[in-house]
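Report on one structure; see the data block that follows.
These figures come from a predicted structure and were not determined experimentally. Chain letters run A, B, ... following the sequence lines, proteins first, then strands; residues in each count from 1.
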Protein chains: 2
Amino acid sequence: MDSDASFNNGHEPTISDVAYRAGVSIRTVSRVLNNSPRVSDDTRARIEQAITSLSFRPSLRARALATGRSFLIGIVHNDRNALVLDTVQRGVGREATRRGYEVICHSTPLEEEGAIEDVLAFTRRSRIDGLIVLPPVSGIIGLPQALQAEQVAAVALSAVPINGYGSIILSREADAAGAVADYLVALGHQRIAMVTGPQSMISAIERRRGFIEALDRNRVALLHEIEGDYSLASGVAAAEKLLSLSPLPTAIFAANDIMAAGVLKVASERRIAVPSPLSVVGFDGSLVAELLTPALTTVARPFGEMAEIATHQLINLVEGQPLPQAAPPPLRLLIAQSTTASPIGDCPEF
Amino acid sequence: MDSDASFNNGHEPTISDVAYRAGVSIRTVSRVLNNSPRVSDDTRARIEQAITSLSFRPSLRARALATGRSFLIGIVHNDRNALVLDTVQRGVGREATRRGYEVICHSTPLEEEGAIEDVLAFTRRSRIDGLIVLPPVSGIIGLPQALQAEQVAAVALSAVPINGYGSIILSREADAAGAVADYLVALGHQRIAMVTGPQSMISAIERRRGFIEALDRNRVALLHEIEGDYSLASGVAAAEKLLSLSPLPTAIFAANDIMAAGVLKVASERRIAVPSPLSVVGFDGSLVAELLTPALTTVARPFGEMAEIATHQLINLVEGQPLPQAAPPPLRLLIAQSTTASPIGDCPEF
DNA sequence: AACGCTTTAGTTAGCGCTATCATTTATTGC
DNA sequence: GCAATAAATGATAGCGCTAACTAAAGCGTT
């Protein structure tokens with residue numbers, strides 16, 4: 001008795017509306033929806049036509065129930081990513097949409113152990129098929145194992161390779177920091193200081209390592225370094241120390257744009273002009289860089305594309321398809337007004 | 001034949017596992033899950049105990065299929081919200097989690113007609129139960145009607161009341177801008193200029209109106225105004241004109257923090273010190289405000305709480321519960337280093 | 001033309017819930 | 001004490017899909 005399938009009475013079209021319209025069984029429609037090869041071209045065309053004319057879209061939730069999959073992928077991040085979150089989210093969204101998935105976003109308060117529980121609760125609640133983990137959450141020890149135990153496919157953006165994730169998209173902190181070092185040396189700077197990030201965080205360790213190693217390659221020694229915690233206040237505190245050095249550094253590299261903003265603040269307070277005698281470089285390529293005065297030279301990683309790649313990998317993982325190792329998209333050194341050639345001779349005294 | 005319900009064989013526990021464990025029918029478990037009153041305290045306790053001990057969580061997707069609801073709510077925004085998006089998202093997330101919903105986020109490229117189609121496609125794809133629309137998307141003419149036609153419950157954050165949404169949470173642009181005007185006048189400023197937002201956008205119109213009306217109330221006339229488009233470049237361009245006026249304004253109010261950053265840039269270039277002789281005020285209370293030099297006085301709206309309220313209203317709407325009119329959370333004028341008393345005038349007589 | 005083999009299409013049993021109806025059991029009035 | 005009513009619980013039909021399993025049709029072979 002399929003008498004009621006004959007009308008599209010107002011409600012959303014279902015697979016049986018399509019089947020009726022195309023004069024086939026729902027099984028065959030299902031085959032078309034799932035790209036099964038066992039359908040004749042003729043039938044397929046008729047079904048596709050019916051789908052279009054009814055503007056039918058398979059219900060994700062019915063499909064989810066039947067397959068045991070949700071067609072949902074999650075993003076976990078933490079508060080500090082606010083500035084790149086939007087970019088990442090959109091990148092994930094692009095690829096997810098392309099492949100028929102939806103995206104759910106979750107922000108966790110990063111308290112090491114607490115965060116693991118929090119993420120697990122999120123995955124259970126939302127029943128996502130796969131998870132994209134952004135740093136610094138991705139660096140939490142034990143998280144990939146916990147996710148594995150819960151059968152959640154996970155792909156991470158991370159500064160360094162980590163065991164346990166299905167795939168890692170490297171954020172190339174070290175390379176990007178190295179590019180900054182090369183750039184500063186090319187400008188003739190020899191007295192270079194750095195405000196590092198918190199050395200408990202992998203990203204910060206890598207930025208420092210990449211910067212110092214590149215300086216080494218250029219046979220330049222790091223004049224001085226002070227550890228910050230990525231906050232504005234710590235940037236200010238570090239700059240106060242660095243700008244009390246004598247002679248002054250000619251360039252300061254801050255491990256993120258926010259701390260660099262702090263450096264600019266102190267420089268301004270002490271009437272040390274930027275970019276000369278003091279060049280300042282930030283890190284992240286965030287929106288704030290161009291808003292500062294002077295606009296901050298910084299280095300941007302292609303987070304949008306990285307997110308797309310991560311999503312691609314994740315869905316491949318979920319669907320059991322091969323994981324091609326894509327070439328990483330290029331870094332971009334965004335040169336602005338906060339850097340210039342090293343002043344000839346020594347810095348003036350103040 | 002329920003022989004297989006007796007073991008919890010590895011897989012996620014289902015409602016029948018719970019029913020078996022508690023020695024009742026699944027119907028009764030379902031009642032407990034849905035807070036139906038028609039269950040004895042004794043049975044309820046036994047079922048709740050079984051739920052806990054199995055750490056059972058009802059499958060959203062099965063529930064979705066059975067009820068025709070998805071327990072998903074969406075957020076639509078556009079690129080320009082990046083700075084507050086995170087706050088809003090977290091606010092929505094808090095309330096949504098509390099009430100058993102998940103959140104899906106969608107960013108649309110705001111092209112008036114295009115955006116409507118884009119949002120509709122999003123709602124159809126994700127089958128959300130309700131939608132939270134952020135400005136400026138919420139101001140798109142015809143969108144609430146289009147959503148109504150698709151049966152999507154929608155609540156908007158908006159600068160002004162709009163017909164068609166289930167509920168509106170006012171962003172109080174005018175009030176906040178008025179607070180800035182009051183503050184500047186209290187500081188003794190009489191020559192006040194404004195960089196407005198694009199007068200095609202409601203938020204910008206309201207900010208301008210609120211500012212001017214408050215000045216009027218204080219018997220101060222707006223010295224000059226220039227329309228920007230919320231971008232850095234437009235802020236710079238506007239400042240170049242305003243800072244060529246003679247005599248100079250003693251205070252400039254920019255309709256968002258980004259344009260205010262532009263004003264600071266030009267002031268710095270022309271060696272006009274901020275906050276004296278020139279005070280600068282931004283709008284939004286965004287992260288960038290404190291990063292600028294000098295830190296920008298700005299006004300923050302409680303978007304996190306507004307988002308929570310909006311979500312509360314939305315879920316009430318979806319579930320057919322009453323919509324209480326909550327008192328709006330307070331605005332916060334964030335006074336920083338970019339403002340000080342007017343260098344010339346003393347305070348007005350009243 | 002009868003046979004097997006491949007290709008295409010249909011039948012149908014769930015997926016884990018909700019909610020309509022029916023049924024059983026406790027409570028109350030007179 | 002017994003019908004009448006209320007309260008608590010159970011049996012079960014879907015929700016819109018997927019995916020075994022089954023059936024029919026096309027097509028060379030000998």
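Evaluation of atom-type donor-acceptor distances gives no pair under 3.5 Å for the side chain of A:Arg61 against the base of C:dG16.
Between A:Tyr101 and A:Phe71, the angle of the ring planes lies from 30° to 60°, which puts this pair in the tilted group.
The side chain of B:Arg27 approaches D:dA11 more closely than any other nucleotide in the set D:dT18, D:dA11, C:dT18. Of the candidates C:dA9, C:dG16, D:dC17, D:dC17 carries the atom nearest the A:Ser59 side chain, counting heavy atoms from C-beta on. Distance from the side chain of A:Thr43 is smallest to C:dA9 among D:dG16, C:dA9, D:dG10. Residue B:Ser25 places its side chain closer to D:dA11 than to any other of C:dA19, C:dT8, D:dA11. In the set D:dT18, C:dA9, C:dC17, the nucleotide with an atom closest to the side chain of A:Asn34 is D:dT18.
Here the C1' atom of nucleotide D:dC15 and the CZ atom of B:Phe71 are 13 Å apart, to the nearest Å. C:dA9 atom C1' lies 15 Å from atom CG of A:Asp41, rounded to whole Å. Rounding to whole angstrom units, CG of residue A:Asp17 and P of D:dG16 are separated by 9 Å. Between the CD1 atom of A:Ile26 and the P atom of D:dC15 there is a distance of 11 Å, rounded to whole Å. The nearest whole Å value for the distance from the CD1 atom in A:Ile51 to the P atom in D:dC17 is 10 Å. One can place CG of B:Asp129 at 15 Å from C1' of C:dT18, the figure rounded to the nearest angstrom. Rounded to an integer number of Å, the gap from B:Ile47 CD1 to D:dA8 P is 12 Å.
Within 4.0 Å of A:Phe56, counting heavy atoms only, lie sugar-phosphate atoms of the nucleic acid but no base atom.
With hydrogens and angles disregarded, no donor-acceptor distance shorter than 3.5 Å links the side chain of A:Ser16 to the backbone of A:Ala19. Although no hydrogens or angles enter the test, the distance criterion places no donor-acceptor pair under 3.5 Å between the side chain of B:Arg61 and the main chain of A:Arg61.
Put simply, CD on A:Glu48 and CG on A:Asp41 are 9.5 Å apart, with the number rounded to the nearest 0.5 Å.
Closest-nucleotide positions on DNA chain D for A:Arg31 and B:Arg46 were compared, and the one nearer the 5' end corresponds to B:Arg46. Nearest-nucleotide positions on DNA chain C for A:Gly23 and B:Leu33 put A:Gly23 closer to the 5' end.
Listed pair A:Ser40 / C:dA9 meets the phosphate criterion, a side-chain N or O lying under 4.0 Å from OP1 or OP2. Considering only side-chain N and O atoms, B:Thr67 lies nowhere under 4.0 angstrom from the phosphate OP1 or OP2 of C:dT18.
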